[in-house]
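Here the structure comes first, spelled out in structure tokens, and everything after it is commentary.
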Amino acid sequence: MQGRVFSGIQPTSGIHLGNYLGAIRNWVTMQASYDCIYCIVDLHALTALHDPAEMRANTREVAAALLASGIDPARSILFVQSHVPAHPQLAWVFNCVTPMGWLNKMTQFKEKAGKDREGAPVGLFDYPVLQAADILAYKATHVPVGEDQKQHLELSRNIAGAFNRKFGVEFFPLPEPMILGEATRVMSLRDGTKKMSKSDPSEMSRISLVDDADTIALKIRRAKSDSILGIAYDPENRPEASNLLVIYAALAGRPRAEVEAELVSTSFSDFKSRLADLAVAKLSPIAAEMRRIAADPGYIDGVLRDGAARAAAIAAPILAETYRIVGFLEP
Ligand code: AQP
């Protein structure tokens, strides 16, 4: 194995094509060559979601989506963040070595807090410190994420370095972000300059992993287009065409340039019907498998329980050593 992978996904409802192409699909591939730990990060989701019933339902739904996409619980560890207390425990230690100034630079906080920074929860501000703890509680070496998480990963490296320097140790590795594949930043179907996101109020802006074939086809047909003949990659001038081209290449598993060469004289509407057929062919089997798995919550809970026990067994000695390094007495 080439190292230890950690990555997480929030249990916010409506996992979409961006999550799938930017993260989950890479997670599946990495199982062949890394020790993989995948986490449903409910503590992170609490920064935005306060409906307990929704949190519970989403957590199982995301687990079903990951299993349906090909995360194999026999090979990888799949668990829920709140089941392993080492995450918030280590986050507290990191809170005490992380300068406020580093967090003040995080663009995701600025975007999510919007104009009401004073009213935003402390948890939202502190989110990247917990993220560093998620990764470093396992001394993970590689973190596959979409491009939107690049800045947070840089911060995790800085926090690992700050801890090591402060206590004069070489304890935490500096985790490497892995931003893989053709679709590292999938954009909204309604606006090619905005990230495809669960929090976009328009359902038509994203393809959800639970969408049926008709809905997928409808969303692609209605996706914003332009009137230039041929599909070309030109994010500056043709953001929507570029985004759909990237999605097409990623779903087909082919290099973008190769697909682009094929589409130089294709009309937007013909391209959309090809894309719709491809998206339905690739995503419908995942949706069907998700429904099958979701019908058995006992199975999902069992997988998550087993995953939490395996995750805790790795994290506990790393946390204990961290506590020893900072000078906490053994209980
Ligand atoms: N549009 C995207 N393109 C590529 N990758 C993406 N990811 C998210 N959106 C895109 C990647 O998905 C993984 C899990 O993300 P998350 O659960 O942390 O969700 P998020 O990034 O908060 O996703 P959203 O949809 O943008 O949620 P909201 O709207 O709540 O902020 C990560 O690896 C992420 O990079």
Side-chain angles (χ1 to χ4, degrees), residues 9 12-29 61-62 64-71 146-148 180-200 202-226 230-235 238-264 266-294:
I9 184 159
T12 31
S13 114
I15 296 202
H16 53 71
L17 189 62
N19 300 130
Y20 179 68
L21 294 176
I24 299 171
R25 209 166 66 153
N26 300 324
W27 297 7
V28 174
T29 314
E61 183 187 302
V62 170
L66 296 176
L67 293 166
S69 301
I71 300 301
E147 224 167 67
D148 58 324
L180 302 167
E182 290 289 353
T184 57
R185 189 170 170 83
V186 176
M187 309 308 270
S188 156
L189 300 180
R190 307 298 307 159
D191 176 350
T193 63
K194 267 175 45 190
K195 188 180 90 133
M196 185 178 284
S197 156
K198 294 169 205 149
S199 47
D200 191 314
S202 165
E203 277 290 327
M204 297 304 281
S205 70
R206 60 185 164 263
I207 293 173
S208 159
L209 279 201
V210 291
D211 284 345
D212 60 23
D214 289 346
T215 311
I216 294 173
L218 175 76
K219 286 180 176 176
I220 292 175
R221 262 202 319 279
R222 295 261 176 91
K224 192 170 171 199
S225 50
D226 59 43
I231 304 300
Y233 186 73
D234 179 2
R238 301 185 65 193
E240 285 79 24
S242 306
N243 184 40
L244 295 182
L245 175 64
V246 164
I247 292 174
Y248 188 95
L251 284 172
R254 294 170 58 196
R256 191 191 71 218
E258 188 184 299
V259 174
E260 192 178 3
E262 239 172 59
L263 297 170
V264 274
T266 306
S267 71
F268 222 118
S269 64
D270 285 350
F271 170 57
K272 277 182 170 178
S273 48
R274 280 170 69 169
L275 176 59
D277 288 348
L278 178 65
V280 167
K282 295 285 178 184
L283 301 177
S284 291
I286 300 176
E289 181 64 358
M290 236 178 114
R291 280 192 290 277
R292 191 187 68 76
I293 294 171

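These figures come from a predicted structure and were not determined experimentally.
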Between [atom1] on residue [X] and [atom2] on residue [Y], distance to nearest 0.5 Å:
| X | Y | atom1 | atom2 | answer |
| --- | --- | --- | --- | --- |
| L21 | L180 | CG | CG | 12.5 Å |
| R221 | S269 | CZ | OG | 11.5 Å |
| H16 | S205 | NE2 | OG | 8.5 Å |
| M204 | K219 | CE | NZ | 7.0 Å |
| R238 | I231 | CZ | CD1 | 5.5 Å |
| I220 | R274 | CD1 | CZ | 13.0 Å |

Indicate the atoms forming the closest heavy-atom contact of [X] with [Y], along with that distance.
| X | Y | result |
| --- | --- | --- |
| D234 | S242 | N-OG, 2.8 Å |
| V210 | E61 | CG1-OE2, 4.5 Å |
| S69 | V28 | O-CG2, 3.4 Å |
| D200 | R206 | O-NH1, 2.7 Å |
| A183 | A250 | CB-CB, 3.8 Å |
| P285 | V280 | CD-O, 3.9 Å |

side-chain contact (heavy atoms from CB on, under 4.5 Å) for T193 and E240? Distances and angles first, verdict last.
CA-CA 8 Å; T193 63; E240 285 79 24; 5.5 Å; no

With sequence neighbours left out, the residues meeting ring-ring contact (aromatic ring centres under 6.0 Å, His included) with Y248 are F271

For the residue pair T215 / D212, report whether a side-chain donor-acceptor contact shorter than 3.5 Å exists.
yes

Output yes when R254 and E182 qualify as a salt bridge under the 4.0 Å nitrogen-oxygen rule, no when they do not.
no

Are any side-chain N or O atoms of [X] and backbone N or O atoms of [Y], one a donor and one an acceptor, separated by less than 3.5 Å?
| X | Y | value |
| --- | --- | --- |
| K224 | S188 | no |
| R256 | Y233 | no |
| R190 | S202 | no |
| N243 | M187 | yes |

Could you walk me through whether L189 and L244 pass side-chain contact (heavy atoms from CB on, under 4.5 Å), step by step?
CA-CA 8 Å; L189 300 180; L244 295 182; 3.8 Å; yes

For D211 and L283: C-alpha separation, side-chain torsions, deciding distance, then whether side-chain contact (heavy atoms from CB on, under 4.5 Å) applies.
CA-CA 9 Å; D211 284 345; L283 301 177; over 6 Å; no

Quick one: does L263's side chain get under 4.5 Å of D270's, heavy atoms only?
no

Heavy-atom side-chain contact between V186 and V246 under 4.5 Å:
no

Considering only residues two or more places apart or on different chains, which pairs with a residue in residues 275-289 satisfy side chain to side chain donor-acceptor pair (under 3.5 Å)?
E289-R292

Identify, with sequence neighbours excluded, every residue that meets side-chain hydrogen bond (donor to acceptor under 3.5 Å, both in side chains) alongside K198.
T12

Tell me, with the steps shown, if I15 and Y20 meet side-chain contact (heavy atoms from CB on, under 4.5 Å).
CA-CA 8 Å; I15 296 202; Y20 179 68; 5.5 Å; no

